[in-house]
Structure formats: C-alpha cells, structure tokens
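To keep things clear, I will list the structure first and then write my remarks on it.
These numbers were taken from a predicted model, which means no experiment stands behind them. Labels below follow one simple rule: chain letters A, B, ... track the order of the sequence lines, proteins then strands, and each chain is numbered from 1.
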Amino acid sequence: MIKFLLRGLLRDRHRSLLPFLVTLIGVMLTVVFHAWMTGVIGNSIEFSARFASGHVKVMTRAYSENAAQAPNDLALIGTDTLTAGLSERWPEMEFAGRIHFAGIIDAPDSLGETREQGPAMGFGIDLLSGNMAEAERMNIPSSLRSGRLPERKNEVLISRLFADKLGVVPGDVITLVGSSMYGELAMHNFTVSGTVDFGTTALDRGTVIADIGDVRDALNMEDAAGEILGFFRTGVYDAERASAICEEFNRAYNTPDDEFSPLMTSLSQDKTMGFLVEYSGKLQAILVALFIMAMSLILWNAGLLGGLRRYSEFGMRLAIGESKGHVYRTMMMESLLIGFFGSAAGVAFGMIISLFLQNHGIDLGVMMKNASVMMPSVFRAHITPATWYVGFIPGLISSQIGSMLSGIGIYKRQTAQLFKELEQ
Amino acid sequence: MEDGKVISIEGLKKHFPMGSGRFTALNGIDLAFGEGEFTGIIGPSGSGKTTLLNIIGTLDNPSEGRAVILGHSVSELTPAESASLRKTQLGFIFQTYNLFQVHTVYENVEFPLLLQGIANNRRRQMVLDALEWVGLTDKINSRPAQLSGGESQRVAIARAMVKRPAVVLADEPTANLDAANSHNILQTMEKLNRELKTTFLFATHDEKVIGYVRRKIWLADGMVARDELIEKN
Ligand SMILES: Nc1ncnc2c1ncn2[C@@H]1O[C@H](COP(=O)(O)OP(=O)(O)OP(=O)(O)O)[C@@H](O)[C@H]1O
Ligand SMILES: [Mg+2]
C-alpha cells in the first residue's frame, strides 16, 4: 500500500514536484530572509554599539541630554578611577572612555596661514596605550587608506574625503580649533599620521580621530571624558544582563538630583537601537507566522487543484473499499513526505545562499551615500541556530495545514457526489 | 440472507433536496436479486438507475425504505462497515473506467488486494488470473493512457473482479465503447458471471447490453415499470 502511494507520488509530478518546489522556495526564502535580517539588525546594532552607544554607556545626565552637541563642559570627571572601578566590578565587560568633540580643522600653508578649513567631528579614543581594543572596535586598522595609525603623541587620523578636501596628506600638520571644557577657545596642532575610509558617509565627511590623552590636553579635559563605553567581552549584546548592570551601577553611583553624577544606560535604552534589539527578538516569531500563513494558503490551493485532479482516484479508492479516514490520512502522509523533503532542500539551498551572504556581505554604501545616520555600509547575513529551523518546521507545518484544508473538501463530500462531479 | 437473496429492496425512496423542496429520484422500489443474476436496469436518462446502483453499492443512503445487501441494511451501516463491505464483496465498473492514471495495469488490478492486505504471492497469482480472464496479460506494465477504451474497460473489469466479489455493479459500462468492444467486454462479464457465480447488475440504455442480460428491469420516473425474466440456456 505504501509502495503504491509512493509510486503515485513519484510518477505524478503534479502531486509531488509542484508542492515540493513551492515548499522548497518558501523555506529557502525564509531561511535567507531570517539570516539576512538577523545579520542586518545585528550589524546595525553592533555598528551603533561600536561607534556610539556601547553595550552600556556612562555619561552625566546633563551630558546625555545634549549628547548630540558633544557638550564637553558637562563631561564626566575622575574617569580614570571610575573606569578602573567599573572594570573591577564587572569583569565580564571592557570599559573605555571616549571624548566626542566638534571643532574646525585648519590646514595651514608653509607660512602658517590658513589654506583650507572645515568643520570636523572628532573622536578621542585610546590609541596609544598599546591596547588595540578601541581601534579594532572602530575598525580603524582595516579602514586605513594611507599612512599609519598614530604611534606618537599628537598624531591624528583624518577621514580620506576630509583630507582630500583640505588637501592634506600624512605628515602634514593640521590645527584643531575647538572649545575647552571650560568654554575657552582651544587650539592644538596635530600631525596627520594616516587617512581612513569607514565607508559610512556620516563618518567620512569630516572626522578626526586622535588619542584620548591628546584630546584631553587639547581641550583641557584632565581626567575627564564625555562618556565611558562598556562592551561585553563575548562581543554579543545581552539586553537583560546590560539592564541589570545599569540598574546596579545607577544604584551605587547615581544621585538623581545631581545632574553631574554618572548615569549608565544600555543599548536598549537608545530609541532606535532599542527598537531593533526588541524587533530582532520578535523577528523570528513574525517571520514564522507570516511564512506559515502564506505557505499554507499557497499549498492549500495547490492541494485543491491537485485534489480536483484526483477526484476520480479518491472516488474510486472509496468505492473499492478504502475508508475516507484512510484516504485522508494517506493524503496527509504524502504531504508530510513532500513537506519534509521540500523543507530539507529549502534549508539546504537557503543555507548556501545565507552562507555566501555571511561570508561576502553586500555593500549598500551606494544606497546610503547621503544618509546622515550612522550605519555600516556592508551588511552580512548572520546564520544562527534558529536559521536552521525557522524555515524547516514551518515548511512541515504549512504543508500539513495546506493538505488538511484541501482534504476537507473531499472528506465532506458524499462519495456518490465525487462520482457525479467526475462524470461531468 | 433473506430468502437466499443477495440483494433485497423494499419501499425504497430517494429524495434529493432541490431549491426549497425536494426531488424524488426513486419513488418506492421493491426488488430482489439472487446469486448469479445477470440483470439490466434499463431506463431513460434521469429515471434513477445510477441512484439505485449507488444505494445498492453503499455509496449513498436510502431516504425511506430498506435496501439489504448481503444481509446488511445499507442505512444501518457505519461508514467503516460499508467501506469494509465494498472492500470485500462489491465491485464497481463505471462508464469512464476511472483507472488510476499513474499506475500500471498490474498495479490497478492489484490495488483492491493491497487494501485487503493479501499476502504477496497469493496477490500476484490473483492479479495474473484476473488479467487472464480479461485477456490482458500482455499489457501488465502499460499505463492507462497507453490503452484503448476497450482495454481500459477490461482493466476496470479485472480490478472489480480480482477480489471475487459477490456483486458487481456496472453503470453504463459500454457507453464509451464501440460495438465490437462492447460485445467483447459483455462476453467477458457473462463468462465470469457463469464461472464465478457473481451477481452482475447493469445500469444501461444500450441495446447491446440489453441483448445479453437474463433479466430486464425497466425504471421510469423512479419506479419499476416492468420486470422481465428472459429464458436463456
Ligand atoms: N445529488 C443529487 N442532487 C439532486 N438531484 C439528483 C442528485 N443525483 C441525482 N439526481 C436526480 O435524480 C434523478 C435520477 O438521477 P440518476 O443519476 O439516477 O439518473 P440515471 O437514470 O442514472 O440517468 P442517466 O441515464 O442520465 O445516467 C435525475 O433527475 C437527477 O437529476
Ligand atoms: Mg446514470
């Protein structure tokens, strides 16, 4: 009997190939979409964490309220002790102070007169301590286009577009004109050690990156930093743990009435990132639900069409003495089989594509040329354990639902009626 | 079985819902069929032939009255019981053959035995015997699409007969066949009827079929108009 059904399944392409292909394509798309979305969301979160928000971030409340303006007059002080304390208390995280600053970069000619100048956004990060963690985090080694990383005091990296605009090359001296922590005019000379290209318009337009020590000197920010970022050593953001750490830190360090006392926030508290973090958790559920619905509908209709073609067969099998329940169950078995192989093939193809997208990534930089948001330009898919079943199980379920729905019609019909319909 | 009858029908009515009212397709049928009958149910289109055969074949239920098949009252059978009765005792032949298109001649004839769970060796012998009865041993591996109409109907006969049922119900079996093929399959069925004592009931208005049957029952407007025994030897 099983052989009889298998033969029918293999010989009748409408019975097997069509639903097989539908399942395959649906599962494949789901797998690729899942890996891609997980990757894109992860890339965006990671990018934002590395460049802006950290997994957790300590600022004064006053600073955080105006963070976009890099108000260094509201910066944290005593950050060396604070950073050390944080690292001791939460060894699972790595902490590093950063200074954001805004100013004018002035490129002088040989006589010291202004040749070109332009507005700049600056990062003061740890570059000279010998610990490369911060440089790696900001992708600096791989973003270097010319020259080298700063190795001595008062060396600076400058984004390539900006360097071209100013007409400076590694070795040239540039002057930062900014405001000190106390609101006074601050001027400081840096030597360009290299140029970088992040591939992100928001960063490439006008960025300078210097060692945090030099920036402190330049802006008179002794033992101060705009923010201290914390990163999980695992490299993976853990929303629950992060919020627990924040709570614990704020209980110990934050005085609610004092707007200059340190306040820790997590990545999830950032509006956009918080949405993405939450969304990425729900993504799977949404995807699976959509998939099952769409695929069930398609397979239901494919099953109905297939079922219509098989009225004569079903009617005859009933007349020969097969029970309706048995006919129905064999239909379900057939679709389980097709669903299994279709889903397996879909996972296989989907994984191959996802793997390719994970290893190679897609450069969407062109599309975001003028985007002012800080987003990575190259996105990569990311395969997680869920990628394996997010398509497979729904593939099975929807092929079952599909044939269940289409089978009901046959189940409900009077046997005699099946023949009537096929006589016409 | 009542009075040694294979089938007995009393006061059988069948109504179909139609619009707000109902349509009476069978309007009080009393009939009995014995073992080994070769009977034609004859009548114009719409007279109720198919409806009667469907009820005898347990594919449909009476609205009123009784139809007792091999000792079982059709209206009292559960779906499982009627399926089991069809599986072992009833064979069907249709105008449109209704062969399983993706299966070979052999597999088509084998199916009723698979359903009964008959063991391999015995099953094979029974299938070959049945194909021999209808003269198709050389077409064992053909698919229905490769067969002529006459050959297809012979496969259908083999499939109906392979389990040696007590009753075969044939609804317009010759309607799609030419004269030569019609005579051929009628002779085949007549031979099986004599050798195996199988009861054959035909629903037909084909003169050729009427020429073979030994009992003619005329239906008109859902009632028996005439019931005539033909003496043959
Ligand atoms: N399911 C149904 N619903 C409504 N009316 C039906 C149904 N089945 C049969 N009828 C009606 O019952 C009457 C008898 O139908 P039946 O199929 O038994 O006729 P028949 O003698 O087999 O005719 P034919 O020679 O055309 O096959 C017809 O008028 C038909 O329209
Ligand atoms: Mg009819």
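Proximity to chain A (any heavy atom under 4.5 Å) is restricted, for B:F100, to the side chain, taken from C-beta onward. Within the 4.5 angstrom heavy-atom criterion, only side-chain atoms of A:R15, from C-beta onward, approach chain B. No part of B:P79 comes within reach of chain A, as not one of its non-hydrogen atoms sits under 4.5 angstrom from that chain. Contact of B:T78 with chain A is not made at all, since no heavy-atom distance falls under 4.5 Å.
Of all the heavy atoms in B:A203 and B:K49, the pair that sits closest is CB-CB, 3.8 Å. For A:R11 against B:T104, the heavy-atom pair with the smallest separation is NH1-N, 3.9 Å. Residues B:I29 and B:G222 approach most closely at CD1-O, 3.5 Å, considering heavy atoms.
Note on A:K3, A:E322, A:H326: by heavy-atom pairs under 4.5 Å with chain B, the leading option is A:E322. When each of B:R143, B:E107, B:Q101 is checked for heavy-atom pairs under 4.5 Å with chain A, B:E107 comes out on top.
Note: A:W36 and A:F379 have perpendicular aromatic rings, judged against thresholds of 30 and 60 degrees for the angle between ring planes.
A donor-acceptor pair shorter than 3.5 Å cannot be found between the side chains of B:T204 and B:D206.
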